[in-house]
Amino acid sequence: MKKYKRTLLMLGIVSLVFILSACSNKPITNQSTGIWDGLIVLNFSRAIIWLANLFGGSYGVGIIVFTIIIRVILLPLMIFQTRSMRKTQEVQPQLKALQKKYSSKDRETMAKLQSEQQKLYSEAGINPLMGCLPALVQLPIIWALYQAIWRTAVLRSGTFLWLQLGHKDPYFILPILAALATFASSWLTTKSVPETNSMNMMMVVGMPVVVFFTALNVASSLSLYWTVSYIFQVGQTLLIQNPWKIQAERDEKQKEKNQHDRAVKKAVRRAKQSKRK
């Protein structure tokens, strides 16, 4: 199943690269043509400018509002993906037990392992292939938003608060905010995982560092977009993947399981005692 999941993901990424390979880095104008530039990125750009005009001509506010709108539109996909990931995380202990049980690399054992994994996924209501689809749908939308800001001259020439949108943040405030929001989102996501590992911790520490140094070296308009996106993601995580709520539910299930196991052991002891009499 993992093999098929990786294959689907790779095919999706290759297809996306093929689609976006026709994209250029030329400025977006009313004369832009093609499906990507003329239909998608241009209309994203127009929407941001329209929102900016709606809010007193502030391109910064236009970027913020449009980013939030896009994230809200993508929210159902994110909920689907989060639920799928959570189900997958919950069966990790059983999955590891199966991998330990069928650790041999001969063909028969590997076939048995795959069969047991599919059975486990089916019982848990998990479709590993579907878990890739939300990410593949989101990638071109988020990239289009990024390019609409990056390639539209007017969105990089305005001002917002202390920022010149076409220049770097002189006070490093947005890079710091983006890094903090990234850390918060990664930490909250990791906290809800039943078993943490070194890879998860690397993501918690590494991603904010990457975001910080990237935001230091791009125009403030893009830093603003990233900062709003990551702050929204923190709220989104608290809404649909609240780690404290998930842990409370997990503890309740474990408590019920422990009570059931104790009841079974007690019943077995009583049965044995009655036989002796």
Side-chain angles (χ1 to χ4, degrees), residues 1-2 4-17 19-20 35-36 39-48 50-51 54 61-92 121-149 178 181-182 184-194 200 203 207 211 222 224-250:
M1 188 61 69
K2 285 186 176 180
Y4 298 135
K5 185 177 180 180
R6 286 196 298 267
T7 301
L8 178 62
L9 184 59
M10 286 302 298
L11 286 174
I13 293 174
V14 170
S15 300
L16 181 60
V17 170
I19 292 170
L20 299 183
I35 294 176
W36 181 254
L39 182 63
I40 300 175
V41 180
L42 176 58
N43 283 313
F44 272 41
S45 176
R46 284 172 171 169
I48 294 172
W50 181 81
L51 286 169
L54 193 65
V61 175
I63 291 170
I64 291 172
V65 174
F66 190 71
T67 302
I68 293 173
I69 290 172
I70 289 295
R71 299 293 302 201
V72 169
I73 291 172
L74 292 174
L75 193 57
L77 281 175
M78 292 302 301
I79 292 173
F80 176 86
Q81 186 177 32
T82 299
R83 287 176 177 171
S84 178
M85 288 174 60
R86 183 179 172 186
K87 287 180 180 179
T88 304
Q89 291 167 357
E90 294 295 339
V91 300
Q92 285 305 303
Y121 285 143
S122 177
E123 291 174 351
I126 300 171
N127 187 337
L129 298 179
M130 291 298 293
C132 300
L133 295 180
L136 294 177
V137 171
Q138 292 173 64
L139 282 175
I141 295 174
I142 294 173
W143 182 245
L145 175 56
Y146 175 91
Q147 285 214 333
I149 297 170
T182 305
S185 178
S186 301
W187 181 79
L188 286 169
T189 301
T190 303
K191 192 171 177 61
S192 66
V193 177
N200 290 334
M203 289 293 291
M207 279 301 293
V211 168
L222 297 178
L224 182 61
Y225 151 64
W226 284 334
T227 302
V228 174
S229 291
Y230 285 118
I231 290 174
F232 185 93
Q233 195 163 310
V234 169
Q236 171 185 288
T237 303
L238 289 172
L239 176 65
I240 64 177
Q241 199 179 358
N242 189 303
W244 294 281
K245 181 180 178 182
I246 291 174
Q247 189 58 50
E249 292 173 354
R250 194 175 289 141

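Because the structure is predicted, anything quoted here is derived from the model rather than measured. All residue numbers in this chain count up from 1 along the given sequence.
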Could you give the distance from [atom1] ([X]) to [atom2] ([Y]), rounded to the nearest 0.5 Å?
| X | Y | atom1 | atom2 | result |
| --- | --- | --- | --- | --- |
| Ile149 | Thr67 | CD1 | OG1 | 5.0 Å |
| Ser229 | Ile64 | OG | CD1 | 11.0 Å |
| Ile63 | Leu222 | CD1 | CG | 8.0 Å |
| Ile231 | Thr182 | CD1 | OG1 | 9.5 Å |

Do other residues, nucleotides or ligands put more than 12 heavy atoms under 6.0 Å from Ile35 CD1?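 It does not: Ile35 CD1 has 12 such atoms or fewer within range.
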
Counting C-beta onward and ignoring hydrogens, is there a side-chain heavy-atom pair between Val61 and Leu51 closer than 4.5 Å?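 SC-SC contact between Val61 and Leu51 ruled out.
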
Taking C-beta and beyond as the side chain, do Val234 and Leu188 meet within less than 4.5 Å on heavy atoms?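 Of all side-chain heavy-atom pairs linking Leu188 with Val234, at least one is under 4.5 Å.
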
Which heavy-atom pair separates [X] from [Y] by the least distance, and what is that distance?
| X | Y | result |
| --- | --- | --- |
| Leu75 | Gln236 | CD1-OE1, 3.6 Å |
| Ile40 | Ala144 | CG2-CB, 3.7 Å |
| Phe66 | Ala47 | CE1-CB, 3.4 Å |
| Ala181 | Tyr230 | CB-CB, 3.6 Å |
| Ser45 | Ala148 | N-CB, 3.8 Å |

Once ring-ring contact (aromatic ring centres under 6.0 Å, His included) is applied, do any residues pair with Tyr225, and if so which ones, sequence neighbours excluded? none

With sequence neighbours left out, what residues match Phe232 under ring-ring contact (aromatic ring centres under 6.0 Å, His included)?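 Checked Phe232 against ring-ring contact (aromatic ring centres under 6.0 Å, His included); zero matches.
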
For Gln233, the side chain to side chain donor-acceptor pair (under 3.5 Å) test, sequence neighbours excluded, returns Arg71, Ser185

